[in-house]
Peer 1: 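My questions all concern the structure below.
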There are 2 protein chains.
Amino acid sequence: MGRPSVQDQRKKEVLDAFMTCVALYGVEGATLEHIAAEAGLKRPLIRHHLGNRKAMVLALGEHIADTLSSQSEMLRVALEDHPGVRNLIEALFNSDGELDPRINICYQALVNSVENYPELRKPLLDSMETFYKVAINIVLASHPNADKQACEIVAHGIVNLFITTDAFIPLKPPKTWGYSSYFAALKLAETLETKS
Amino acid sequence: MGRPSVQDQRKKEVLDAFMTCVALYGVEGATLEHIAAEAGLKRPLIRHHLGNRKAMVLALGEHIADTLSSQSEMLRVALEDHPGVRNLIEALFNSDGELDPRINICYQALVNSVENYPELRKPLLDSMETFYKVAINIVLASHPNADKQACEIVAHGIVNLFITTDAFIPLKPPKTWGYSSYFAALKLAETLETKS
DNA sequence: AAGTAAACTGTCAAGTTAGACAGTAAACTA
DNA sequence: TAGTTTACTGTCTAACTTGACAGTTTACTT
């Protein structure tokens, strides 16, 4: 049967290194050399595992989408026993390093490359949609009497506020920026309380 | 006195082309060839006007920061006679093409490059701060009796919701995404009404 | 121990990119 | 018209980047 394949594992490692480089240099700036150095491998190995550049970018798109989707699932499971909008907000804003900020940065970089790699659009769109869906369901579950549309809007808003906060991380902004988004999310959540 | 200088004008044109390319290919992916083609000039001219690559990136940082600041000023002036949070939200979300979405995309790309170009941090931080300040003052002006901190939070929230909406534009998302941010911003604004 | 399938390495060729600089053309002044 | 300043072009070099592929090593099977 020959040497055992570590392709699945290696692929993940390389994609992780790719993710780091895209976050730092942008999609086209993440060269094979950068990725190889980051992954601790020789350059030709990158190609061996992920194929040529286009295949790599598309694989990264799938990877980011999968990661976002599985993070959504983790969020859903984590809040299954402790529902409540409040807990959703805490999970998003006060998850100390549990949610990898590279994913958001990388996601944005890929979004901006959709024109060059149209195949990226669907996975990116779908994975964000599931993220929103999870948030919406959490909000709906904790406010069964509230207006359905209002819940969707609040959920979208909370997620979007989180996204912006995450996007500013490389800037090392004053803490007030993060706090404001956090409190704005809480305010949004409160709009459901008063109506119920 | 020799041939009249068009440097100021050309510089702006080249920076505009640079902005377009960064939005499309990322900071490191925006090559001189791309920029030259976009600007309709020969490659060496880019260098003539903006200097080497590092100088170009820093110049773009200043340019984006200046543009953001002047857009903030325009917003301030436009809403001077028609204050009100509602009008702020309309101006942000329903400005049909008046606010260039490339600026936001480019801003994000530059934020992610702060580690490679540390000098970018200050202008990016300062210009976003003035954007927030303008929004805060508009909110404060229309709700003089409301809690000051609440106004700041709402203003931050509205701006951040707008930023996320703008960031998704290259994805061509379903209209509901944009609407949700818009309505979430309105809901945030309403939290001030009920308390006054 | 021989066979084998996969991971891994070394290296070359083609294309692209940034940087540098000499030189030309254009638009003004005296 | 001569001089001057600036915009602009052509072109060379060095470095970088991707793609390709032959060859080696590793780890498992029979």
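Each chain gets a letter, A, B and so on, in the order its sequence line appears, and its residues count up from 1.
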Peer 1: Just how far, in rounded Å, is P of C:dT16 from CZ of B:R53?
Peer 2: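 Whole-Å distance recorded here is 17 Å.
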Peer 1: Starting from C1' on D:dT5, measure out to NE2 on B:H49 and report it in whole angstrom.
Peer 2: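 Distance, rounded to whole Å: 14 Å.
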Peer 1: Give a yes/no answer on whether the side chain of B:S5 brings an N or O atom under 4.0 Å of OP1 or OP2 in D:dT5.
Peer 2: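 No.
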Peer 1: When you check the phosphate oxygens OP1 and OP2 of D:dT11, does a side-chain N or O of B:R43 lie under 4.0 Å from one of them?
Peer 2: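 Answer is no, no contact under 4.0 Å.
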Peer 1: Rounded to whole Å, how long is the line connecting atom CG of A:L45 with atom P of D:dT24?
Peer 2: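 A:L45 atom CG is separated from D:dT24 atom P by 17 Å.
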Peer 1: Can you tell which of C:dC8, D:dT17, C:dA20 lies closest to the side chain of A:E33?
Peer 2: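 Selected nucleotide: D:dT17.
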Peer 1: When the ring planes of B:Y25 and B:H34 are compared, do they come out parallel, tilted or perpendicular, using 30° and 60° as the limits?
Peer 2: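 Correct class here is parallel.
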Peer 1: Among C:dC12, D:dC12, C:dA7, which nucleotide sits nearest the side chain of A:Q7?
Peer 2: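 It is C:dA7.
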Peer 1: Can you tell me how far apart CD1 (B:I158) and CG (A:L161) are? Round to the nearest 0.5 Å.
Peer 2: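 These two atoms lie 10.5 Å from each other.
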Peer 1: C:dT17 C1' sits how many Å from B:I46 CD1, rounded?
Peer 2: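 Those two atoms, CD1 and C1', are 14 Å apart.
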Peer 1: What nucleotide, of D:dG19, D:dA27, C:dA18, holds the atom closest to the side chain of B:L32?
Peer 2: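 Given the options D:dG19, D:dA27, C:dA18, the side chain of B:L32 is closest to C:dA18.
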Peer 1: Can a donor-acceptor pair be found, under 3.5 Å and without considering hydrogens, that links the side chain of B:Y117 to the backbone of B:L58?
Peer 2: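 Not a single qualifying donor-acceptor pair exists.
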Peer 1: Nearest to the side chain of A:P44, heavy atoms from C-beta on, is which of D:dG10, D:dT17, C:dT9?
Peer 2: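 Of all the options, the side chain of A:P44 is nearest to C:dT9.
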Peer 1: I need the full list of side chain to side chain donor-acceptor pair (under 3.5 Å) pairs touching residues 56-75 of chain B, with sequence neighbours left out, sorted by first then second residue.
Peer 2: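 Checked against side chain to side chain donor-acceptor pair (under 3.5 Å) - neighbours excluded - the pairs reaching residues 56-75 of chain B are B:E73-B:R76.
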Peer 1: Using whole Å, what does the distance between atom P of nucleotide C:dA7 and atom NE2 of A:H48 come to?
Peer 2: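 Result: 4 Å.
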Peer 1: Between A:R47 and D:dA20, is there a side-chain N or O to OP1/OP2 distance below 4.0 Å?
Peer 2: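 Checking A:R47 against D:dA20: at least one side-chain N or O falls below 4.0 Å of OP1 or OP2.
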Peer 1: C:dA18 C1' sits how many Å from B:M56 CE, rounded?
Peer 2: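 The answer, rounded to whole Å, is 10 Å.
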Peer 1: If each of B:G2 and A:L41 is mapped to the nucleotide of DNA chain C with the nearest heavy atom, which maps nearer the 5' terminus, i.e. the 5' end?
Peer 2: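 Comparing both residues, the 5'-ward one is A:L41.
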Peer 1: Between A:P4 and B:D8, just flag the one whose closest nucleotide in DNA chain D comes earlier from the 5' side.
Peer 2: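 Its nucleotide being nearer the 5' end, the pick is B:D8.
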Peer 1: Nearest whole angstrom, please: distance from the P of C:dA6 to the NZ of A:K11.
Peer 2: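 Rounded to whole Å, this separation is 14 Å.
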Peer 1: The side chain of A:K42 is closest to which nucleotide in this list: C:dA18, D:dA7, C:dG10?
Peer 2: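 Comparing C:dA18, D:dA7, C:dG10 against the side chain of A:K42, the answer is C:dG10.
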Peer 1: To the nearest Å, how far apart are A:K12 NZ and C:dA7 P?
Peer 2: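 Checked: the NZ to P distance equals 15 Å.
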Peer 1: Flag the pair B:K187 and B:E190 as a salt bridge only when some basic side-chain nitrogen lies within less than 4.0 angstrom of an acidic carboxylate oxygen.
Peer 2: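 Salt bridge: no.
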